[in-house]
Amino acid sequence: VWSSTWQNNPYNNAFHTEWFAGWFVGGFKYINFIKLIPRLNNYGIQLCFPKTYHVYYSNGSQWIHVKTVTNQSVYAQDVEISLPHTVYANGIHVVATELRSDGSWHYCQIADAYAGLKNRPAVNIQPIGYLDEINSNGIARGWCFDPDTPGISTEVHFYIAGKHIGVILANEPRPDVNSAYGITGNHGFTFQIPKEYLDGKKHTIYAYGINTWGGHNPVLSNSPKDIT
């Protein structure tokens, strides 16, 4: 979902800290692996790919460390880092703390970096959820989760008359839902209907649970609901 070329600045110190960060096009994505592709010469040897580095992903508010790599092989064609579980991220961050040398200077160089999803389930189960209410102030509440990735929060999208009016991540605690379905994580949501639709006229709100693996995004149970 993202690729870039690392900086290639020369340093006298092998332990100079160098880093890059990249944000995913289109915002947040579900990912369960990160792959780093070294830049190779004609002999298949990495051109100053870092020897020691740390890998992070962004959850929108902070960088979360997922792996530290030490004594990286010079001959690795690529380095794939599996995340402990599927996460909802909007970027990746790599920090090199020990650089390699070309014999004269120390450098930090990489060809590409990717993040994505793999090991899709044989059967893609659709998200489950319920639109509990929309109160008189236009606040919609409910819950949603994807049975394929029950430990992480799922997006819910809202529509009126076929127009997309907003999105929310179902990441509020709902212990009743967790207990009922035997799952972990946070799956509740609270969404403010845009003020222009709180005009005293009737509007029909549709809420959809977004499938982690792509495919059909079902309308939540007890949706649509009308507001006036």
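Heavy-atom basis, side chains included; hydrogens, waters and symmetry copies ignored.
Looking only at side-chain heavy atoms (C-beta outward), Val87 and Tyr30 stay at 4.5 Å or farther from each other. By the 4.5 Å heavy-atom criterion applied to side chains, Trp23 and Asn90 are counted as neighbours. Counting only heavy atoms from C-beta outward, the side chains of Ile205 and Ile134 approach each other to under 4.5 Å. In this structure, the side chains of Tyr56 and Val95 come closer than 4.5 Å at one or more pairs of heavy atoms. With contacts defined as side-chain heavy-atom distances shorter than 4.5 Å, the pair His157/His164 qualifies. Looking at Asn59 and Phe28, their side chains never come closer than 4.5 Å, going by heavy atoms from C-beta outward.
Residue Lys201 places its NZ atom among 12 or fewer non-hydrogen atoms of other residues, nucleotides or ligands, all under 6.0 Å distant.
Taking the salt bridge (Lys or Arg N to Asp or Glu O under 4.0 Å) definition, one finds that Asp226 meets it with Lys202, sequence neighbours left out. Looking at residues two or more places apart in sequence or on another chain, you find no salt bridge (Lys or Arg N to Asp or Glu O under 4.0 Å) involving Lys163. Partners of Thr190 according to the side-chain hydrogen bond (donor to acceptor under 3.5 Å, both in side chains) rule, which considers only residues two or more places apart in sequence or in another chain, are Glu172. For Asn12, there are no side-chain hydrogen bond (donor to acceptor under 3.5 Å, both in side chains) partners, not counting sequence neighbours.
Here the straight-line distance linking atom OG1 of Thr228 with atom CG of Asp199 works out to 9.5 Å at 0.5 Å rounding. Distance check, rounded to the nearest 0.5 Å: OH of Tyr130 to CG of Leu220 gives 10.5 Å. Atom CD of Glu98 is separated from atom CG of Asn71 by 7.5 Å, given to the nearest 0.5 angstrom. Note: Gln192 CD to Asn137 CG = 7.5 Å, rounded to the nearest 0.5 Å. We find the CD1-NZ distance between Ile227 and Lys225 to be 11.5 Å, quoted to the nearest 0.5 Å. A distance of 7.0 Å separates CD1 in Ile31 from CD1 in Ile92, rounded to the nearest 0.5 Å.
Residue pairs satisfying the ring-ring contact (aromatic ring centres under 6.0 Å, His included) criterion with at least one member in residues 198-228, sequence neighbours excluded, are listed as follows: Tyr159-Tyr208, Tyr197-His203.
A side-chain donor-acceptor contact under 3.5 Å links Tyr11 and Glu18. Asn124 and Asn211 form a side-chain donor-acceptor contact under 3.5 Å, judged by distance and modelled atom types alone.
In this structure, the side chain of Asn186 does not engage the main chain of Arg174 through any donor-acceptor pair within 3.5 Å. Formation of a donor-acceptor pair under 3.5 Å by the Ser223 side chain with backbone atoms of Ala207 is found in this model. Put simply, the side chain of His93 gets close to the backbone of Phe20: a donor and an acceptor are under 3.5 Å apart. Side-chain N or O atoms of Thr97 include none that pairs as donor or acceptor with a backbone N or O of Tyr53 at under 3.5 Å.
Remark: Lys29 fails to qualify as a cation-pi partner of Phe24 under the 6.0 Å distance and 45° angle criteria applied to the six-membered ring.
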One pair to check against side chain to side chain contact (heavy atoms under 4.5 Å, CB included): Thr154 and Val156. What are the steps and the verdict? CA-CA 7 Å; Thr154 303; Val156 177; 5.7 Å; no
Where do His65 and His54 land on the side chain to side chain contact (heavy atoms under 4.5 Å, CB included) test, with the steps shown first? CA-CA 7 Å; His65 179 261; His54 312 274; 4.1 Å; yes
Evaluate the criterion side chain to side chain contact (heavy atoms under 4.5 Å, CB included) for residue pair Asn178 and His187; output intermediate values, then yes/no. CA-CA 8 Å; Asn178 289 14; His187 305 291; 3.4 Å; yes
Apply side chain to side chain contact (heavy atoms under 4.5 Å, CB included) to residues Leu131 and Phe189 and explain how you reach the verdict. CA-CA 9 Å; Leu131 181 57; Phe189 64 81; 4.1 Å; yes
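Placement of Val69 and Tyr57 within a single hydrophobic cluster is found when ILVMFWY residues are connected by side-chain heavy-atom separations under 4.5 Å, directly or transitively. In this structure, Ile139 is not a member of the same hydrophobic cluster as Phe191, with clusters built from ILVMFWY side-chain heavy atoms closer than 4.5 Å. Note on Ile64: it clusters hydrophobically with Val55, by side-chain heavy-atom contacts below 4.5 Å among ILVMFWY residues. Placement of Trp63 and Trp19 within a single hydrophobic cluster is found when ILVMFWY residues are connected by side-chain heavy-atom separations under 4.5 Å, directly or transitively. Taken together through direct or relayed side-chain contacts under 4.5 Å among Ile, Leu, Val, Met, Phe, Trp and Tyr, Ile168 and Ile160 form part of one hydrophobic cluster.
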Which atom pairs, donor and acceptor, lie under 3.5 Å between side-chain atoms of residues 140-151 and protein residues at least two apart or in another chain?
residue, atom, partner, partner atom, Å
Arg141, NH1, Glu133, OE2, 3.1
Asp146, OD1, Asp148, N, 2.9
Asp146, OD2, Thr212, N, 2.9
Asp146, OD2, Thr212, OG1, 3.0
Asp148, OD2, Ile125, N, 2.9
Thr149, OG1, Thr212, OG1, 2.9

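The aromatic ring centroids of His16 and His106 lie 6.0 Å or more from each other.
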